[in-house]
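Written out below as structure tokens is the structure these notes cover.
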Amino acid sequence: MRHFLDIRDRTGEDLVRLLDLAKRLKTARAGRPKGACDDDPALAGRRLLMLFEKPSTRTRLSFDLAIRQLGGDALDLDGAKLQLGRGESIEDTARILSLFGDAIAFRGRRHADLLTMAGVARVPVINALTDRSHPCQALADLLTIREEFGRIEGLAVAYLGDANNVARSLMEAVVTAGGEFRLACPADIPPDEDFRAFAAAHEGRVRLVHDAGEAATGADVIYTDTWHSMGLEHGEEANAIFAPFRVDAALMARAADHAIFLHCLPAHRGEEVVAEVIDGPASRVWRQAENRLHAQKAILIDCLAD
Ligand code: CP
Ligand code: NVA
């Protein structure tokens with residue numbers, strides 16, 4: 001049994017294996033109806049329990065479709081509707097979910113709860129986003145970058161804005177896959193200690209700066225996310241502090257000519273990115289969102305296949 005909790009638990013070879021599998025699965029079913037099973041469904045009869053303590057569109061839809069295409073089925077559980085919402089412990093919830101499901105995808109308010117769940121569950125636990133990280137997103141991001149450039153090694157990925165869960169997993173993913181990661185964030189809203197420690201441990205491969213233009217210069221990928229993550233909103237006054245990190249056409253012009261724009265979504269046009277960029281020719285955000293499906297199929301097989 002193998003969990004999928006964080007990118008930093010995985011080696012570069014592991015990531016390549018997952019990306020190869022995701023790409024194979026994607027190619028194999030091109031043009032087929034979304035609801036149809038894969039030709040050789042790898043997870044027939046398996047049941048995925050999806051437990052969300054926060055809202056989700058992409059993660060919910062892509063996990064649901066992923067397990068169905070692999071021959072299994074999914075149940076979408078709202079934390080507030082479980083006894084968990086009335087104080088039943090994470091431990092006991094994990095024991096019960098393990099009785100009725102073959103894997104758990106958990107979007108939790110606290111990363112510590114994910115680790116507790118993984119420590120107790122008798123089935124694989126997949127991190128579907130916590131306050132700390134979003135590794136499923138990062139795998140789909142790598143898949144999208146590799147589809148665009150044919151590689152990740154040697155590419156520079158610049159993330160502008162809030163040093164949040166998406167940024168952390170992206171940093172871990174890009175570095176593990178052999179790329180260079182640059183973070184530009186306001187000096188007044190710095191990354192946490194764990195983020196800085198990872199960056200320090202990968203000196204030369206990670207650069208933390210406070211100038212958006214500096215990070216964007218020559219980058220192959222420009223990435224941003226909301227300035228206000230779920231449950232971790234900075235307050236409206238922070239918008240003025242983040243404003244210099246907004247991705248606009250001038251910032252994109254600092255990147256390499258072939259640079260693409262990525263965003264995990266949901267986006268806030270006019271805040272972290274302008275419409276001209278996210279809806280413009282360099283944007284790959286819809287392919288990136290679609291790749292959540294293929295990346296998660298690889299994750300499910302990795303966690304569940306015998
Ligand atoms: N990117 C992402 O995880 O989107 P959702 O919150 O809609 O799942
Ligand atoms: N950083 C965002 C990502 C949403 C997919 C959040 O946690 O709200």
Side-chain angles (χ1 to χ4, degrees), residues 4-7 22 48-67 74 76-80 104-114 126-145 157 159-173 183-186 189-192 194-195 221 223-236 238-239 242 245-247 261-269 271-273 278 283-300:
F4 187 76
L5 301 178
D6 263 317
I7 295 285
L48 174 67
L49 300 180
M50 306 187 292
L51 174 52
F52 289 94
E53 289 191 315
K54 295 178 180 181
S56 169
T57 300
R58 281 143 287 267
T59 307
R60 188 190 301 279
L61 288 168
S62 53
F63 263 122
D64 181 83
L65 191 58
I67 189 79
D76 182 359
L77 299 166
D78 172 357
I104 302 166
F106 180 39
R107 172 165 289 195
R109 270 191 292 276
R110 287 173 296 268
H111 194 77
D113 289 344
L114 174 83
I126 298 168
N127 177 356
L129 178 147
T130 67
D131 53 336
R132 197 191 111 89
S133 56
H134 198 2
C136 293
Q137 178 68 53
L139 194 69
D141 299 340
L142 288 186
L143 183 60
T144 311
I145 294 169
V157 177
Y159 177 102
L160 315 177
D162 189 27
N164 61 15
N165 46 5
V166 168
R168 186 193 319 267
S169 291
L170 182 68
M171 168 174 71
E172 295 176 4
L183 172 89
C185 69
I189 308 179
D192 66 23
D194 169 81
F195 200 117
V221 179
Y223 198 122
T224 191
D225 180 21
T226 181
W227 295 336
H228 303 284
S229 286
M230 294 179 280
L232 297 164
E233 293 80 3
H234 288 290
E236 216 173 296
N239 285 8
F242 279 120
F245 300 86
R246 175 176 300 128
V247 179
F261 172 76
L262 297 180
H263 189 310
C264 61
L265 307 176
H268 308 81
R269 288 172 176 76
E271 288 192 19
E272 72 272 8
V273 61
I278 192 168
S283 177
R284 297 291 182 274
V285 300
W286 310 118
R287 178 190 291 184
Q288 180 187 8
E290 192 214 314
N291 278 339
R292 296 292 306 278
L293 168 68
H294 310 295
Q296 278 151 213
K297 286 171 78 172
I299 293 167
L300 285 166

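Every number for a ligand or one of its atoms is a count from 1 in the order of the listing. Note that these values count all heavy atoms, side chains included, but never hydrogens, waters or copies made by symmetry.
Ligand 1 has an N or O atom lying under 3.5 Å from an N or O atom of Ser56, backbone or side chain. At a 3.5 angstrom cut-off on N or O pairs, Pro266 does not count as close to ligand 1. Residue Ser229 has at least one nitrogen or oxygen atom sitting less than 3.5 Å from a nitrogen or oxygen atom of ligand 2, judged on distance alone.
Between Asp192 and Arg168, at least one side-chain N (NZ, or NE/NH1/NH2) sits under 4.0 Å from a carboxylate O, which counts as a salt bridge.
The atoms of ligand 2 that sit less than 4.0 Å from any heavy atom of Asn165 are 1 (N), 2 (C), 6 (C), 7 (O). Against a heavy-atom cut-off of under 4.0 Å, Asn164 is close to the following atoms of ligand 2: 1 (N).
The protein heavy-atom contact nearest to atom 3 (O) of ligand 1 is His134 NE2, 2.8 Å. Scanning the protein heavy atoms around atom 4 (O) of ligand 1, the nearest turns out to be Arg58 NE, 2.9 Å. Residue, atom and distance of the protein heavy atom nearest to atom 2 (C) of ligand 1 are Arg292 NH1, 3.3 Å.
Considering only non-hydrogen atoms, atom 3 (C) of ligand 2 lies nearest to Asp225 out of Asp225, Asp131, Thr130, Leu265.
When heavy-atom distances to ligand 1 are checked against a 4.0 Å cut-off, Leu129 has no atom that comes that close, whether in backbone or side chain. Residue contacts with ligand 1, taken as heavy atom pairs separated by less than 4.0 Å, involve Arg107 solely via side-chain atoms from C-beta onward.
Phe242 and Trp227 have parallel rings, their planes meeting at less than 30° on a 0 to 90° scale where 60° marks the start of perpendicular.
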